[in-house]
Amino acid sequence: MRKTTLLPSRPCLGLALVCALALVPLQARAAELTPQEGYTLIANLMSENKDDRRAAADELIAADDVTLVPALVDAYFYTPLLHRPEMTEVLTALTGEEHDSYYDWVEYVGGADIDVKDRYIEWKQLLLRRRDAEYEKVFYAGAPHKIRLEEIVSGGVPLDGIPSLDDVPLVPAKKAKYLKDDELVFGVEIDGDSRAYPHRFLSWHEMLNDVVGGQPVTLSYCTLCGSGILYAAESPSGERRTFGTSGLLYRSNKLMYDRDTYSLWSNITGEAVVGRAAGENQRLRVLPMTLTTWEEWRSQHPDTTALDIDGVRKASPFAFDYVPGAADEARKGVEFPVWQKSDRLERNAEVFALDLNGAPKAYPVEKVTAAGLVHDELGGVGIVLVANPDSGAIRAYQSGGHTFEKADGDFQLVDETGAEWTVTEAALEPAGDGPSLPRLAHGHIAYWFGWYGFHPQTEVWEG
């Protein structure tokens with residue numbers, strides 16, 4: 001049986017978007033439009049011809065089909081400012097809302113209980129293919145999805161438009177002369193193999209694929225919400241897989257994609273959310289990682305390796321300025337819509353985010369580092385956060401019912417009995433016999449708005 005789609009097998013070259021959708025003439029209809037009629041009218045509403053836009057607007061207003069609102073907001077992004085008045089008029093007529101900003105309309109859709117028109121995923125694909133034809137591998141009829149597709153927005157770049165760092169050559173610590181003592185690195189140790197990934201590189205590249213201690217890993221860093229998380233990069237069959245930036249966002253959190261199935265994955269949860277892997281309920285395993293200074297990491301891991309800066313430069317076709325802070329400065333003021341908001345903390349306040357057994361909690365970084373040690377119970381588990389006020393590093397462990405104090409530096413603790421413990425990347429290790437206390441790998445730094453957007457039920461540690 002031949003499959004019928006909204007679009008031809010190849011995009012219409014050199015013609016307006018309407019050529020891909022206007023396959024049948026519009027006729028008198030009942031109030032609710034068919035998918036073909038509705039999406040054709042929206043395509044006409046995007047036309048450069050004012051008369052076409054006016055006619056489409058009148059028909060959409062008369063039809064009063066609210067299920068088209070998400071598709072209209074999608075189209076708003078791709079419509080030039082001078083051609084938006086008719087689209088704004090239609091959106092206001094269908095919703096009763098008055099907004100002049102695309103971001104405001106995205107937030108409205110996020111918080112509204114609106115069903116999407118049938119075949120919406122094909123409409124989404126059509127629009128995204130204007131930027132990159134490869135999106136047809138991501139969005140297709142019947143693609144499984146675990147998040148609302150209407151909340152997925154373009155970040156303005158195509159698939160791999162932000163190049164990932166893949167198996168970049170390494171140098172020993174003593175040859176990483178470009179690194180300054182006080183600059184931030186993502187530190188990783190697996191089976192005795194230590195690695196430093198400078199923050200300045202991830203601020204531009206956002207994704208990194210590597211092998212540490214024989215373990216394939218992916219580091220996903222969402223620069224918009226400040227969330228850097230390390231995942232084990234293996235398929236269910238145990239094969240290595242690599243990830244890239246999809247160019248798409250969900251609640252201002254990056255969506256990465258795997259280069260095997262072209263499924264979309266959430267940066268902040270490690271869950272497959274669109275595509276084949278989502279249909280198989282796949283979720284990536286989180287691995288411990290520490291955001292700290294190069295000085296602290298190198299002192300605790302003298303055998304560490306770091307990325308070779310020349311190898312990083314070769315990994316990108318762009319002439320990125322790899323001076324620390326340059327990427328943040330270039331991105332200054334860039335924000336994307338998030339409809340779930342809380343003013344309990346300042347929007348971009350840094351929190352140490354932790355979710356145990358379905359109990360999320362945010363620990364303000366400033367308070368935690370000032371305290372040095374934080375004992376708490378979360379999700380029925382006793383925990384201890386060990387913080388370094390100089391480097392800003394925070395590591396979380398199971399406390400095992402113990403109460404600790406710092407002794408002789410930030411990496412030595414004593415418990416209530418006077419027994420000594422050592423802080424390592426994997427666990428709290430007792431000086432004598434007895435079980436170690438495992439690291440809570442899910443803990444990571446994030447901006448408050450990004451954490452809250454996914455966990456509106458989160459608690460906040462008051463200190």
Side-chain angles (χ1 to χ4, degrees), residues 163-223 226-233 242-243 286-316 320-328 350 352 365 369 386-396 409-411 422-427 439 441 443-445:
S164 60
L165 296 174
D166 298 338
D167 298 320
V168 172
L170 307 170
V171 294
K174 63 182 180 181
K175 291 189 176 181
K177 301 295 186 182
Y178 66 89
L179 282 168
K180 308 301 181 184
D181 282 350
D182 61 351
E183 71 172 279
L184 293 174
V185 299
F186 292 101
V188 179
E189 182 187 46
I190 301 176
D191 287 341
D193 189 7
S194 300
R195 193 72 37 85
Y197 301 120
H199 184 274
R200 61 163 99 170
F201 298 153
L202 271 301
S203 290
W204 284 116
H205 290 271
E206 300 189 5
M207 295 293 307
L208 177 145
N209 297 287
D210 199 4
V211 178
V212 185
Q215 170 67 61
V217 300
T218 284
L219 197 173
S220 176
Y221 179 46
C222 177
T223 57
S227 176
I229 305 177
L230 187 74
Y231 292 107
T242 62
F243 292 79
V286 184
L287 299 172
M289 183 174 69
T290 305
L291 181 61
T292 185
T293 61
W294 172 237
E295 180 179 31
E296 184 197 76
W297 184 257
R298 187 182 69 250
S299 67
Q300 294 301 311
H301 306 276
D303 294 330
T304 189
T305 54
L307 298 184
D308 175 23
I309 190 170
D310 291 329
V312 171
R313 291 190 177 111
K314 291 177 182 178
S316 175
F320 288 138
D321 181 358
Y322 289 119
V323 172
D328 294 333
E350 286 190 320
F352 185 80
V365 167
T369 53
V386 183
N388 183 327
D390 296 322
S391 68
I394 301 175
R395 299 167 174 88
D410 291 292
F411 291 86
T422 299
V423 179
T424 74
E425 300 304 325
R439 175 105 176 251
H444 65 277
I445 304 295

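No hydrogens, no waters, no symmetry mates; every other heavy atom, side chains included, goes into these values. If you read the sequence from its start, that first residue is 1, and numbering goes on from there.
Proximity of V188 to L287: side-chain heavy atoms (C-beta onward) are nowhere separated by under 4.5 Å. Side-chain contact check for S194 versus W297: some heavy-atom pair is nearer than 4.5 Å.
No donor-acceptor pair closer than 3.5 Å links the side chain of R395 to the backbone N or O of V386. Using modelled atom types, one side-chain atom of E183 and one backbone atom of K180 make a donor-acceptor pair closer than 3.5 Å. In terms of modelled atom types and a separation under 3.5 Å, the side chain of W204 and the main chain of D321 share a donor-acceptor contact. No donor-acceptor distance shorter than 3.5 angstrom exists from the side chain of N209 to the backbone of D166, with no hydrogens or angles considered. Side chain of T290 to main chain of T292: no donor-acceptor pair is present (N/O by atom type, distance under 3.5 Å, no hydrogens or angles).
When the side-chain contact (heavy atoms from CB on, under 4.5 Å) test is applied to T424, the partners found at least two apart in sequence or on another chain are T422, A426, A427, E429. Scored by the ring pair (Phe, Tyr, Trp, His ring centres under 6.0 Å) test, F352 finds no partners at all (sequence neighbours excluded). With sequence neighbours excluded, the residues that form a side-chain contact (heavy atoms from CB on, under 4.5 Å) with A387 are V368, T369, I394.
Aromatic ring pairs are classed by plane angle as parallel below 30°, tilted from 30° to 60° and perpendicular above 60°; the pair H205 and Y322 is parallel.
A salt bridge links R298 with D181: the distance from a Lys NZ or Arg NE/NH1/NH2 to an Asp or Glu carboxylate oxygen falls below 4.0 Å.
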